[in-house]
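These notes concern the structure reproduced below.
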Amino acid sequence: MSRPRTLFEKIWRRHLVAAETEGLPATLYVDLHLVHEVTSPQAFTELAERELPVRRPDLTLATMDHSTPTDPSIDTAKLRVLDPEGSAQLDRLLANCERHGIPLYAMGDERRGIVHVIGPELGATQPGMTVVCGDSHTSTHGAVGALAFGIGTSEVGHVLATQCLLQHRPKTYEVRVDGRLQEGVVAKDIILAVIARLGIGGGTGHVFEYTGEAIRALDMEGRMTVCNMSIEGGARAGLIAPDDVTFAYLEGRPMAPAGYDWEAAVDDWRSLPTDDGAAYDRTTTLDGSALEPMVTYGTNPGMAIPIAGAVPEDDAIEPEKRASFRKALDYMALEPGQQLQGKPIDVVFVGSCTNSRYSDLVAAANVLRGRKVADGLRVLIVPGSDAVKRQAERDGLAQVFVDAGAEWREAGCSMCLAMNGDQLAPGQYAVSTSNRNFEGRQGAGGRTFLASPLTAAASAITGRVTDVREVLS
Amino acid sequence: MSRSFTRFTGSMAPLPIQNVDTDQIIPASYLKVTDRSGLASGLFSRWRYRDGDPEGEPISDFVLNRAEHADARILLAGDNFGCGSSREHAPWALVGYGFRAVISTSFADIFRSNALKNGLLVVPVTEDGSASLFEAVAADPATEVTIDLEAQTLSLPGGGETSFEVDPFARRCLLDGTDQLGYLLNQAPAIQTFEAAHPARLDTRSG
Ligand code: SF4
């Protein structure tokens with residue numbers, strides 16, 4: 001018998017075209033390459049200049065998500081006028097995909113959506129695969145037990161041309177979350193608590209593997225939320241071992257194996273989980289039953305507190321970090337020791353590859369059903385994909401949002417990075433279900449409180465940062 | 001697009017902030033470009049100009065606007081530099097501005113990889129090393145250091161030098177101009193063998 005191995009190690013070994021040697025990185029094969037409009041044009045240019053073909057268009061999938069409008073009245077023609085630059089970038093993706101025979105879900109396509117929402121939704125991302133994309137939240141796909149990570153544009157070119165990447169083997173980091181979550185505490189709270197604990201550089205050089213009862217108990221979409229924000233903890237990838245929940249989620253999806261191939265695939269996938277006795281380079285454990293709804297107060301995702309807590313005092317911050325801490329509070333116009341609960345807000349954003357899937361919308365709708373959003377508050381609900389949008393419209397969720405006074409939008413990245421015109425005005429506060437509260441991320445001068453869809457929906461009702469448990473009780 | 005890099009001497013622009021994310025290095029509004037050029041004016045634009053607008057008024061106390069650091073070609077930054085988004089526009093903007101190297105106690109993984117592919121050297125130093133460099137620049141903004149990639153050393157302001165770690169392959173590529181894509185393309189036979197032994201379980205064109 002071979003020695004016990006981790007899930008990461010098993011996937012890594014399966015994809016070695018050439019192993020790492022002293023001085024040379026490994027050559028790692030890529031099973032699925034996801035592409036979007038923002039980080040690909042320069043890579044295609046590089047191929048054109050060198051007259052190279054795309055090696056495996058059949059393992060490549062492109063979508064438009066980052067700069068697409070979410071206002072249903074804006075079509076391709078209008079976009080040309082409103083946003084000529086963004087439009088030109090979308091046209092470029094279209095031309096590049098046509099030239100190389102890469103399937104592309106362009107505006108108007110029913111399969112279009114945020115790249116990290118559609119991958120699992122279509123069954124394209126599968127256990128044991130290597131998945132890459134010129135996008136740091138590619139870590140999302142680790143929820144199905146795939147080794148998935150973001151790459152730069154030069155590397156996008158490498159994968160287009162060779163289907164391979166030059167990589168050094170990262171270390172492994174087990175993040176164990178034991179126990180059962182309390183009412184009102186969800187996947188987003190787990191990952192915000194993990195990042196608050198480890199720090200935003202805590203996972204640098206590592207791949208997280210999330211284990212423990214609280215992780216096992218999550219549905220697939222909750223697992224995606226957790227893996228999505230691995231990069232916010234500094235880890236390029238986050239993994240969760242595939243299990244029956246994973247297989248039930250994937251079965252029957254358009255790109256998942258079918259028939260006899262399905263049986264064979266599941267047999268194989270069952271061999272992937274980390275063996276008993278396998279060693280991680282590092283391990284940390286959190287008590288899931290002690291977690292509370294989390295909210296960020298600062299300008300990086302590690303600056304998070306339980307919603308009933310207060311912004312730390314200066315002396316709780318290490319001296320060398322105090323200047324950055326103060327800079328963040330200045331930007332947020334908050335004081336040390338201040339409570340966030342009850343803080344008036346201007347906008348609520350439910351969306352992004354972290355929290356825009358069907359179950360996220362169900363969670364938000366359950367809080368908003370039969371209630372109204374606060375006067376003067378802007379509430380955007382942006383589904384992660386066209387498929388999620390259609391399902392929510394069929395099932396009446398969309399109507400719940402509209403009745404409550406929220407804006408129901410087209411699928412896309414939207415206010416997560418504010419490239420498409422959906423953005424905060426300077427000085428505005430938002431409770432957002434996205435993944436980054438960096439300065440200006442949601443619009444220049446905008447201030448972001450990251451939280452779960454439950455917290456976002458509760459805050460939408462009151463117009464203030466609100467503990468969902470108070471609204472529900 | 002590797003640029004060769006062997007040895008560089010210059011002064012430093014101090015940015016004593018931790019966790020500088022790539023959204024600050026180059027905001028998303030600059031990501032609509034389809035080439036690599038023209039990003040220098042967007043570099044740190046939200047910290048550099050009033051309302052983040054390069055046409056607008058420069059914020060006088062931001063390091064890149066201070067006359068004494070106008071010629072600096074080395075960025076001396078706080079811990080965990082380049083975290084967040086994978087955008088390679090971040091090193092493109094830094095290189096476009098004229099930076100040749102970034103010194104910090106640590107770098108985010110994707111930023112490090114992107115920087116080294118664009119001839120921007122990332123130089124990790126210890127906390128003490130970092131503190132002494134910040135002190136030296138505060139005392140004399142013209143303080144120069146020499147980064148020697150061949151020897152993997154950083155000369156220290158008070159005399160002496162310290163060695164630094166760099167990925168050996170990236171170092172080799174920077175020193176002799178090896179093109180990483182070319183290196184991968186040369187592995188075509190091994191890639192073909194791998195593909196023959198591992199038939200794909202997916203066809204994205206079937207969706
Ligand atoms: S939703 Fe936000 S984080 Fe996710 S891919 Fe889009 S821009 Fe990136």
Side-chain angles (χ1 to χ4, degrees), chain A residues 17-18 23-25 27 29 31-32 38-39 41-42 45-46 58-61 67 85-86 88-89 92 103 111 122 124 126 134-136 150-154 157-158 161-164 166 168 200-201 204-205 234 236 254-255 257 265 300 321 323-324 327 417-419 436 438-441 444, chain B residues 1 16-19 21 23-24 27-29 31-36 46-47 51-52 78-80 83-89 91-92 106-111 113-114 117-118 127 131 167-169 172 180-181 183-185 187-188 190-191 193-195 198 200-207:
Chain A
V17 171
L24 288 178
T27 302
Y29 197 79
D31 292 322
L32 174 63
V38 174
T39 55
Q42 298 84 354
T45 302
E46 173 101 34
D58 59 323
L59 301 181
T60 311
L61 184 62
S67 52
E85 265 191 303
Q89 206 176 47
R92 184 70 78 91
R111 298 161 295 182
L122 293 162
Q126 299 165 18
D135 196 288
S136 61
I151 56 178
T153 295
S154 295
H158 296 178
T162 69
Q163 203 60 26
C164 289
L166 296 169
H168 292 287
I200 63 166
T204 302
R236 280 177 83 178
M255 292 189 195
N300 74 54
K321 295 191 176 152
S324 294
K327 184 178 187 307
L417 94 163
M419 259 187 96
R436 288 186 175 143
F438 297 149
E439 285 183 33
R441 169 81 178 186
Chain B
M1 203 194 65
I17 298 167
Q18 282 113 31
N19 304 314
D21 59 80
D23 274 85
Q24 307 317 313
S29 51
L31 305 188
K32 291 183 181 176
V33 294
T34 49
D35 61 14
R36 295 176 160 103
R46 294 215 186 96
W47 292 346
D51 302 324
D79 192 47
N80 195 32
C83 59
S85 150
S86 63
R87 59 190 72 169
E88 200 162 317
H89 308 67
W92 295 338
S106 73
F107 300 89
D109 289 332
I110 306 179
F111 176 81
S113 158
N114 285 340
K117 288 185 177 61
N118 289 278
E127 273 179 37
D167 162 30
F169 180 69
R172 197 181 100 188
Q180 296 200 11
L181 177 51
Y183 174 85
L184 266 173
L185 287 164
Q187 296 186 44
I191 298 171
T193 307
F194 182 92
E195 284 174 333
H198 300 82
R201 222 173 238 159
L202 176 79
D203 184 345
T204 52
R205 297 167 307 187
S206 74

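Note that this is a predicted model, so its numbers are computed, not measured. Protein chains get the first letters and strands the later ones, always in sequence-line order, with residue 1 at the start of each. Note that these values count all heavy atoms, side chains included, but never hydrogens, waters or copies made by symmetry.
Contacts between Ala28(B) and chain A at a heavy-atom distance below 4.5 Å involve backbone atoms as well as side-chain atoms. Contact annotation for Leu417(A): both backbone and side-chain heavy atoms come within less than 4.5 Å of a heavy atom of chain B. Residue contact with chain A, scored on non-hydrogen atoms closer than 4.5 Å, is absent for Asp51(B). Of the atoms belonging to Ala444(A), heavy atoms from both backbone and side chain fall under 4.5 Å from chain B. Residue contact with chain B, scored on non-hydrogen atoms closer than 4.5 Å, involves the side chain of Asn300(A) exclusively. With a 4.5 angstrom heavy-atom cutoff, Phe107(B) touches chain A only via backbone atoms.
Heavy-atom pairs under 4.5 Å with chain A peak, among Asn114(B), Leu184(B), Asp203(B), Ile17(B), at Leu184(B). Of the listed residues Gly23(A), Gly201(A), Gly150(A), the one with more heavy-atom pairs under 4.5 angstrom with chain B than any other is Gly23(A). Most heavy-atom pairs under 4.5 Å with chain A, from the set Ser113(B), Ser106(B), Cys83(B), Gly84(B): that is Gly84(B). When each of His89(B), Glu195(B), Arg172(B), Gln187(B) is scored by its heavy-atom pairs under 4.5 Å with chain A, the top score falls to Glu195(B). In terms of heavy-atom pairs under 4.5 angstrom with chain B, the leader among Ala18(A), Ala265(A), Ala418(A), Pro254(A) is Ala265(A). Ranked by non-hydrogen atom pairs under 4.5 Å with chain B, the options Leu59(A), Leu166(A), Asp135(A) are led by Leu166(A). Note on Gly205(A), Pro257(A), Ala323(A), Gly234(A): by heavy-atom pairs under 4.5 Å with chain B, the leading option is Gly205(A).
Rounded to the nearest 0.5 Å, atoms OG1 (Thr27(A)) and CZ (Phe194(B)) are 11.0 Å apart. Of the inter-residue distances, the one linking Arg436(A) atom CZ with Asp21(B) atom CG reads 8.0 Å to the nearest 0.5 angstrom. Taken to the nearest 0.5 Å, the SG atom of Cys164(A) stands 11.0 Å off from the CG atom of Leu181(B). Distance check: Glu46(A) CD to Arg36(B) CZ gives 5.5 Å after rounding to the nearest 0.5 Å. Rounding to the nearest 0.5 angstrom, the gap separating the CZ atom in Arg205(B) from the OG1 atom in Thr60(A) is 9.5 Å.
Put simply, the side chain of Asp31(A) does not reach to within 4.5 Å of the side chain of Leu202(B), judged on heavy atoms. No side-chain heavy atom of Val38(A) sits under 4.5 Å from any side-chain heavy atom of Arg87(B). Put simply, the side chain of Thr162(A) reaches to within 4.5 Å of the side chain of Leu185(B), judged on heavy atoms. Contact check for Arg46(B) versus Glu439(A): no side-chain heavy atoms found under the 4.5 Å cut-off.
Side-chain atoms of Arg236(A) never come within 3.5 Å of backbone atoms of Asp109(B) as a donor-acceptor pair (strictly under, hydrogens ignored). One N or O on the side chain of Gln89(A) and one on the backbone of Val33(B) form a donor-acceptor pair closer than 3.5 Å. Side chain of Lys32(B) to backbone of Met419(A): a donor-acceptor contact under 3.5 angstrom is found.
Counting all heavy atoms, side chain and backbone alike, Lys321(A) lies closest to Gln18(B) at CA-OE1, 3.3 Å. When all heavy atoms of Ser85(B) and Ser136(A) are compared, the pair lying nearest together is CA-OG, 3.7 Å. The two residues Ser86(B) and Gly134(A) come nearest to each other via the heavy atoms OG-C, 3.6 Å. Shown here for Met255(A) and Ser206(B), the closest heavy-atom pair between the two residues is CG-OG, 4.2 Å.
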Stepwise side chain to side chain contact (heavy atoms under 4.5 Å, CB included) check, Thr204(B) with Leu32(A): CA-CA 8 Å; Thr204(B) 52; Leu32(A) 174 63; 3.7 Å; yes
Glu88(B) and Ser154(A): CA distance, side-chain angles, deciding distance, side chain to side chain donor-acceptor pair (under 3.5 Å) verdict: CA-CA 8 Å; Glu88(B) 200 162 317; Ser154(A) 295; 2.4 Å; yes
Residue pair Asn80(B), Thr204(A): steps toward the side chain to side chain contact (heavy atoms under 4.5 Å, CB included) verdict: CA-CA 9 Å; Asn80(B) 195 32; Thr204(A) 302; 4.2 Å; yes
